[in-house]
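Worksheet: the structure to be examined is printed underneath.
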Amino acid sequence: MSSTSSASKQQADELSSQLAADLPRTTTYLTGHNAEGKAIVHSARPAAWKAFEGGIMGFNQIYTNKFPVDLNDDADVRFHEEVIAGGQLGLASKGGIVCRMVDFGPQYQCMMHRTKSLDFGILVEGEIEMVLDDGSVTLMKRGDIAVQRATMHAWRNPSTTSWARMVFVLQDMQPLFVNGKKFGEDYGKGTEGLLPSGNDDDE
């Protein structure tokens with residue numbers, strides 16, 4: 001078996017079925033063009049979940065790419081598939097964008113962290129508390145959106161019985177300075193299995 005095939009098999013083995021029994025299953029639909037230039041559904045891709053923290057939180061990596069993206073001859077699709085198969089994607093991506101779905105189990109709170117990225121967090125199921133390092137806690141309800149501007153934050157599911165789900169879009173950004181201090185990626189205490197984003201330089 002080739003190294004590429006071995007990596008793909010290992011990556012597939014690490015993916016699990018949906019963690020949350022009380023949330024709907026989800027499919028990603030990629031569009032494209034046929035030979036006549038008409039819009040088509042390129043592919044339908046059921047969610048592939050990777051579990052963290054013993055299965056109380058999970059990622060479904062929807063799409064990642066460079067920015068601006070190259071759509072010619074499905075270059076973007078190949079790029080996404082290669083990145084995911086490589087297993088080296090951090091929370092954000094250098095010079096690119098990441099779209100992922102995250103499920104949070106009851107009472108789960110992730111680590112306080114910051115990515116060097118502009119993030120759009122859309123709550124699609126349940127409720128989530130947005131916890132910031134100034135001590136503030138903001139309760140988000142379904143349909144609410146957080147625009148995370150490279151701040152230290154955590155997400156907490158306050159429910160004792162139900163899962164919550166968010167969709168995140170992360171875009172790489174210029175280095176951030178606050179009162180002369182550079183604020184880069186910081187995973188805080190960290191979660192086992194999360195890799196650095198690799199975009200925390202000035203290039």
Side-chain angles (χ1 to χ4, degrees), residues 10-28 45-64 84 87-93 97-171 183-200:
Q10 179 180 359
Q11 191 265 347
D13 290 343
E14 291 175 352
L15 299 178
S16 63
S17 59
Q18 182 164 302
L19 305 173
D22 62 341
L23 295 182
R25 296 188 178 276
T26 179
T27 301
T28 296
R45 303 182 175 203
W49 293 93
K50 181 173 183 177
F52 293 90
E53 305 281 1
I56 197 65
M57 185 264 284
F59 284 3
N60 169 31
Q61 305 287 9
I62 296 173
Y63 184 86
T64 185
I84 298 303
Q88 298 300 306
L89 180 64
L91 290 181
S93 180
I97 54 174
V98 177
C99 180
R100 73 168 53 86
M101 183 175 288
V102 182
D103 281 1
F104 302 89
Q107 296 285 285
Y108 175 76
Q109 178 171 326
C110 71
M111 75 288 192
M112 186 70 71
H113 65 287
R114 171 175 51 240
T115 52
K116 182 178 159 283
S117 58
L118 175 63
D119 308 344
F120 306 93
I122 306 162
L123 182 61
V124 295
E125 299 286 350
E127 295 184 343
I128 281 286
E129 291 176 344
M130 179 177 64
V131 184
L132 303 182
D133 67 351
D134 68 350
S136 65
V137 178
T138 301
L139 179 64
M140 296 175 59
K141 295 181 179 293
R142 187 168 62 180
D144 287 344
I145 303 169
V147 181
Q148 282 287 350
R149 302 172 60 244
T151 57
M152 286 293 289
H153 65 282
W155 306 106
R156 179 179 182 272
N157 179 358
S159 175
T160 59
T161 58
S162 300
W163 283 70
R165 172 174 290 167
M166 295 188 73
V167 173
F168 294 94
V169 178
L170 293 79
Q171 179 175 309
F183 279 28
E185 182 168 86
D186 184 349
Y187 280 0
K189 180 180 177 182
T191 294
E192 185 177 354
L194 284 183
L195 299 173
S197 299
N199 67 333
D200 209 8

Might you point out which heavy atoms bring Leu139 and Pro158 nearest each other, and give the distance in Å? CD1-CG, 4.2 Å
Say whether, by atom type as modelled, one donor and one acceptor occur between the side chain of Gln18 and the main chain of Leu23 under 3.5 angstrom. yes
Are any non-hydrogen side-chain atoms of Leu194 and Phe59 less than 4.5 angstrom apart? yes
Thinking salt bridges, do Glu125 and Arg165 make one under a 4.0 Å N-O criterion? no
Identify the two heavy atoms, one from Ala92 and one from Ser197, that lie closest to each other, and give their separation to 0.1 Å. N-OG, 2.8 Å
Aromatic rings Phe104 and Phe168: how do their planes relate, parallel, tilted or perpendicular, breaks at 30° and 60°? perpendicular
Indicate the atoms forming the closest heavy-atom contact of Ser17 with Trp49, along with that distance. O-CB, 3.9 Å
Distance, nearest 0.5 Å, that separates OH of Tyr108 from CD1 of Ile128: 10.5 Å
Heavy-atom donor-acceptor pair, Asn157 side chain to Ser162 backbone, under 3.5 Å: yes
Supply the atom-to-atom distance Ile62 CD1 to Thr26 OG1, rounded to the nearest 0.5 angstrom. 6.5 Å
Over all heavy atoms of both residues, which pair between Trp155 and Ala146 is shortest? Give the atoms and the distance, please. CH2-CB, 3.8 Å
Can you tell if the side chain of Gln148 reaches within under 4.5 Å of the side chain of Met130, non-hydrogen atoms only? yes
Could you check whether any side-chain heavy atom of Val169 comes within less than 4.5 Å of a side-chain heavy atom of Cys99, counting everything from C-beta outward? yes
Any Thr27 side-chain heavy atom under 4.5 Å of Arg25 side chain: no
Could you check whether any side-chain heavy atom of Asp103 comes within less than 4.5 Å of a side-chain heavy atom of Leu19, counting everything from C-beta outward? no
With no hydrogens and no angle check, do the side chains of Ser136 and Asp134 hold a donor and an acceptor under 3.5 Å apart? yes
If only atom types and distance count, is the side chain of Asp200 paired as donor or acceptor with the main-chain N or O of Lys116 below 3.5 Å? no
Report the C-alpha separation of Gln107 and Arg156 in whole Å, then their side-chain angles, then the decisive distance to 0.1 Å, and conclude whether the side chain to side chain contact (heavy atoms under 4.5 Å, CB included) test is met. CA-CA 7 Å; Gln107 296 285 285; Arg156 179 179 182 272; 3.4 Å; yes
Taking all non-hydrogen atoms of both residues, which atom of Asn60 and which atom of Ala47 are closest, and how far apart? ND2-CB, 3.3 Å
So CG of Asp186 and CE of Met152: to nearest 0.5 Å the spacing works out to 4.0 Å
Output the distance between atom CZ (Phe183) and atom CZ (Arg149), rounded to the nearest 0.5 Å. 13.0 Å
Are the side chain of His113 and the backbone N or O of His153 linked by a donor-acceptor pair below 3.5 Å? yes
Side chains of Met140 and Glu127: closer than 4.5 Å at any heavy-atom pair? no
Taking C-beta and beyond as the side chain, do Leu170 and Ser93 meet within less than 4.5 Å on heavy atoms? no
d(Thr64 OG1, Arg100 CZ) to nearest 0.5 Å is 8.0 Å
For residues Ala51 and Gly55, report the shortest heavy-atom separation together with the two atoms involved. CB-CA, 4.0 Å
State, yes or no, whether a side-chain contact exists between Val98 and Leu91 at a heavy-atom distance under 4.5 Å. no
Inspect the surroundings of CZ in Arg142 and state if more than 12 heavy atoms from other residues, nucleotides or ligands are less than 6.0 Å away. no
